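This report concerns only the one structure given below.
Every heavy atom of this structure was used, including side-chain atoms; hydrogens, water molecules and symmetry mates were not. Because the structure is a prediction, the values reported are computed rather than measured. For ligands, and for the atoms within them, numbers begin at 1 and follow the listed sequence.
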Amino acid sequence: MDIIVLKPGATEEELKRIVKKLEHRGLKANISKGTERTIVGVIGDTSKITEEEENAIRLMPGVEDVMRILKPYKLASRDFKSEDTTIDVMGQTIGGKKIQVIAGPCAVENKTMLMGIAEKVKDAGATFIRGGAFKPRTSPYSFQGLGEEGLKYLADVREKTGLPVVTELMDPRDIEVILKYADIIQIGARNMQNFRLLLEVGACNKPILLKRGLSATIKEWLMAAEYIMSKGNQNVILCERGIRTFETATRNTLDLSAVPVLKQLTHLPVIVDPSHAVGKLAYVAPMAKAAVAAGADGLLIEVHTNPEEALSDGEQSLKPDEFKKLMKELKPIAAAVGREI
Ligand code: PEP
Ligand code: MN
């Protein structure tokens, strides 16, 4: 809240009460009286003014409207920090010139399978291995993940290939075990507004990959990032993974315009997950290319050696050779937008 517009006939008494209210909150008022309207500019740190306080001022007699100039998120905002945030993980920089590619199966299913996929995606140019050990499944009867056993396999893969590990944390009760194995902690779409979980990972020192909620606006998404950052962890990577719309031809609708919008609003790195966005193999590669063209800092792509047998998300998983082909095709696109892959 930065500007308070008074009603045409607002009285001196009403104006005084508004000024008093601001002073009470440690803020100052800059009163500007025009021929028809009086406007109060609010001076001071207005970032901590809550929406409720803003609404309370809107309800005061004599007030016509309250306009916020500053964004409701601060730490995540480009206004607060103008230069791009880069995050270093085991020698890889996220948010720099190089487009980082996180690849791997939806879920860790067994050790041999994971190792096989990891070696192949690394050979094709992937820079991170992914795989869920705690899976947020729609049905309680679907495969829920291997838990710590799966995390151990991921750590084995890191040991063998040097690829840093990205894996999802669903529950604050599992944070200790995740911290033992993960290099980047993923917060899934379904948990984007699990505020207790956000605060928990905000207090740890691992980078957080924050997926966009199924029907979250960009503002809500940035407020979720702000939750994490408010606890001290500034290493947040935003991941667009499609949003729910009326369209049923794809699993979700990939909101690619979120990439340039976020680049304007925030300094945080932005990556795109075309796999969960489209949900069908045939559309993954075209949207991965479009994401790079749109300015994404990275991609998250599901790869499985045997998608027909996958315990989750087989329909959207690329086979290793398809992934390799895509990686090759991404090179000239990255170069065209001044990046490398
Ligand atoms: C995943 O990455 O496997 C996943 C479950 O993604 P999302 O939270 O975007 O659905
Ligand atoms: Mn998946």
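Glu302 has its closest N, O or S atom to the Mn ion (ligand 2) at the position named OE2. Within Asp313, the N, O or S atom at minimum distance from the Mn ion (ligand 2) carries the name OD2.
Proximity to Gly188 (heavy-atom distance under 4.0 Å) selects the following atoms of ligand 1: 8 (O). Residue Ala189 has at least one heavy-atom neighbour below 4.0 Å for each of these atoms of ligand 1: 7 (P), 8 (O), 9 (O). Residue contact check: Lys211 has heavy atoms under 4.0 Å from atoms 1 (C), 2 (O), 4 (C), 6 (O), 7 (P), 8 (O), 9 (O) of ligand 1. Of all atoms in ligand 1, listed by their number and element, those nearer than 4.0 Å to a heavy atom of Arg241 are 7 (P), 9 (O), 10 (O). Close approach of ligand 1 to Glu302 (heavy-atom distance below 4.0 Å) involves ligand atoms 3 (O). Proximity to Cys106 (heavy-atom distance under 4.0 Å) selects the following atoms of ligand 1: 3 (O).
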> For Arg339 and Asp297, what are the C-alpha separation, side-chain angles and deciding distance, and is it a salt bridge (Lys or Arg N to Asp or Glu O under 4.0 Å)?
Replying inline: CA-CA 9 Å; Arg339 311 291 288 265; Asp297 296 304; 2.7 Å; yes
>> Working note: Gln193 + Tyr227, criterion side-chain hydrogen bond (donor to acceptor under 3.5 Å, both in side chains); need CA distance, chi angles, decisive distance, verdict.
In response: CA-CA 9 Å; Gln193 284 189 318; Tyr227 259 88; over 6 Å; no
>> For Asp88 and Thr86: C-alpha separation, side-chain torsions, deciding distance, then whether side-chain hydrogen bond (donor to acceptor under 3.5 Å, both in side chains) applies.
In response: CA-CA 7 Å; Asp88 290 318; Thr86 57; 5.2 Å; no
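Ligand 1 has at least one atom lying under 4.0 Å from a heavy atom of Arg130.
For atom 4 (C) of ligand 1, the closest non-hydrogen atom of the protein is His276 NE2, 3.4 Å.
Across all non-hydrogen atoms, the minimal contact from Ala334 to Ile99 is CB-CD1, 3.9 Å. Closest of all the heavy-atom pairs between His276 and Asp273 is ND1-OD2, 2.6 Å.
Ionic pairing of Lys319 and Asp321 is not present here: no N-O contact between side-chain nitrogen and carboxylate oxygen is shorter than 4.0 angstrom. A salt bridge is absent between Glu13 and Arg17; no separation between the charged side-chain nitrogens and carboxylate oxygens falls under 4.0 Å.
For the pair Arg190 and ligand 1, the shortest N or O to N or O distance falls below 3.5 Å. Backbone and side-chain nitrogen or oxygen atoms of Asp273 are examined, and none is located within less than 3.5 angstrom of a nitrogen or oxygen of ligand 1.
Asp2 places a side-chain N or O within 3.5 Å of a backbone atom of Leu70 that can act as its donor or acceptor partner.
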